[in-house]
Amino acid sequence: QVQLVESGGGLVQAGGSLILSCAASGIIFSLSNMGWYRQAPGKQRELVATIISGTSTNYADSVEGRFTISRDNAKNTVYLQMNSLKPEDTAVYYCTASYRNRQYWGQGTQVTVSS
């Protein structure tokens with residue numbers, strides 16, 4: 001059974017930082033492409049960042065230069081370091097894994113940025 005468990009969300013002031021973690025199980029993590037999406041109230045879920053099974057990364061324009069995605073294959077964990085947070089970054093953040101042509105999702109973690 002595949003499980004993705006996010007942690008690290010919370011309330012932070014604008015300009016602050018948070019780091020999200022996602023611990024994966026039930027997949028061969030080192031062979032999986034990992035990513036973070038987010039969904040704000042009333043909006044569609046959108047891609048934030050991805051990291052393939054190596055180290056190649058991709059970011060949404062809105063977070064480029066502020067967010068950093070990384071992975072630790074020994075810990076089966078992917079991270080999202082978020083700096084210079086803005087109120088518009090407020091959303092539920094979801095971890096996702098692409099493995100053997102299937103996509104899996106975590107339950108999400110709330111990030112709220114106050115102005």
Side-chain angles (χ1 to χ4, degrees):
Q1 181 180 1
V2 177
Q3 282 193 315
L4 302 174
V5 180
E6 302 104 331
S7 61
L11 174 64
V12 63
Q13 288 189 331
S17 298
L18 281 175
I19 183 165
L20 305 183
S21 300
C22 172
S25 60
I27 57 175
I28 301 178
F29 185 81
S30 60
L31 299 182
S32 303
N33 295 334
M34 303 298 296
W36 290 94
Y37 281 70
R38 67 186 181 187
Q39 187 166 20
K43 295 188 177 181
Q44 289 188 331
R45 192 172 296 189
E46 63 175 1
L47 174 69
V48 175
T50 60
I51 183 166
I52 66 171
S53 56
T55 56
S56 178
T57 58
N58 181 58
Y59 297 94
D61 289 344
S62 59
V63 307
E64 181 82 56
R66 299 188 297 122
F67 290 11
T68 302
I69 189 171
S70 62
R71 64 192 297 158
D72 186 337
N73 288 344
K75 296 182 178 180
N76 287 2
T77 300
V78 62
Y79 304 96
L80 186 68
Q81 174 71 51
M82 305 185 293
N83 297 328
S84 303
L85 282 161
K86 304 176 181 180
E88 51 264 43
D89 294 318
T90 295
V92 177
Y93 284 70
Y94 296 91
C95 174
T96 183
S98 297
Y99 176 65
R100 291 184 175 176
N101 297 316
R102 292 190 63 179
Q103 191 164 17
Y104 301 91
W105 296 89
Q107 81 288 351
T109 186
Q110 177 70 47
V111 172
T112 302
V113 184
S114 63
S115 57

Would you name the heavy atoms of Arg100 and Ile28 that are closest together and state the gap between them?
NH2-CD1, 4.4 Å
Same apolar cluster (I L V M F W Y, side chains within < 4.5 Å links), Val92/Val111
no
Tightest non-hydrogen contact, residues Ala14 and Pro87, listed as CB-CD, 4.1 Å
What pair of heavy atoms forms the shortest contact from Gly108 to Glu6, and how long is it?
N-OE1, 2.9 Å
Connected via hydrophobic side-chain network under 4.5 Å: Ile69 and Tyr93
yes
Has Gln103 got more than 12 heavy atoms of other residues, nucleotides or ligands less than 6.0 Å from its CD?
yes
Rounded to the nearest 0.5 angstrom, the CE-OG1 distance for Met82 and Thr68 is 11.0 Å
Answer with yes or no whether the hydrophobic clustering places Trp36 together with Phe67; edges join I, L, V, M, F, W, Y residues whose side-chain heavy atoms lie under 4.5 Å apart.
yes
Following the transitive rule for hydrophobic clusters with a side-chain heavy-atom cut-off under 4.5 Å over Ile, Leu, Val, Met, Phe, Trp and Tyr, establish whether Ile19 and Val113 coincide in one cluster.
no
Test of understanding: with ring pair (Phe, Tyr, Trp, His ring centres under 6.0 Å), list the residues that count as partners of Tyr37, not counting sequence neighbours.
Trp105
Inter-residue atom distance Met34.CE - Ile27.CD1, 0.5 Å rounding
5.0 Å
Rounded to the nearest 0.5 angstrom, the OG1-CG distance for Thr112 and Asp89 is 11.0 Å
Are Val78 and Leu47 grouped together when hydrophobic residues (ILVMFWY) are joined by side-chain heavy atoms under 4.5 angstrom apart?
no
Do you know which two heavy atoms are closest between Ala49 and Tyr59, and how far apart they sit?
CB-CD2, 3.6 Å
When rounded to the nearest 0.5 Å, the distance separating CD of Gln13 from OG of Ser114 is 5.0 Å
Quick check for you: to the nearest 0.5 Å, what is the distance between Leu20 atom CG and Tyr79 atom OH?
12.0 Å
Run the side chain to side chain contact (heavy atoms under 4.5 Å, CB included) test on Arg71 and Phe29 for me, step by step, so that the C-alpha distance in whole Å, both residues' side-chain angles and the decisive distance to 0.1 Å come before the verdict.
CA-CA 10 Å; Arg71 64 192 297 158; Phe29 185 81; 3.6 Å; yes
Between Arg38 and Ser62, is the side chain to side chain contact (heavy atoms under 4.5 Å, CB included) condition met? List the steps.
CA-CA 12 Å; Arg38 67 186 181 187; Ser62 59; 3.4 Å; yes
Using 0.5 Å steps for rounding, measure from the CG atom of Leu31 to the OH atom of Tyr99.
6.5 Å
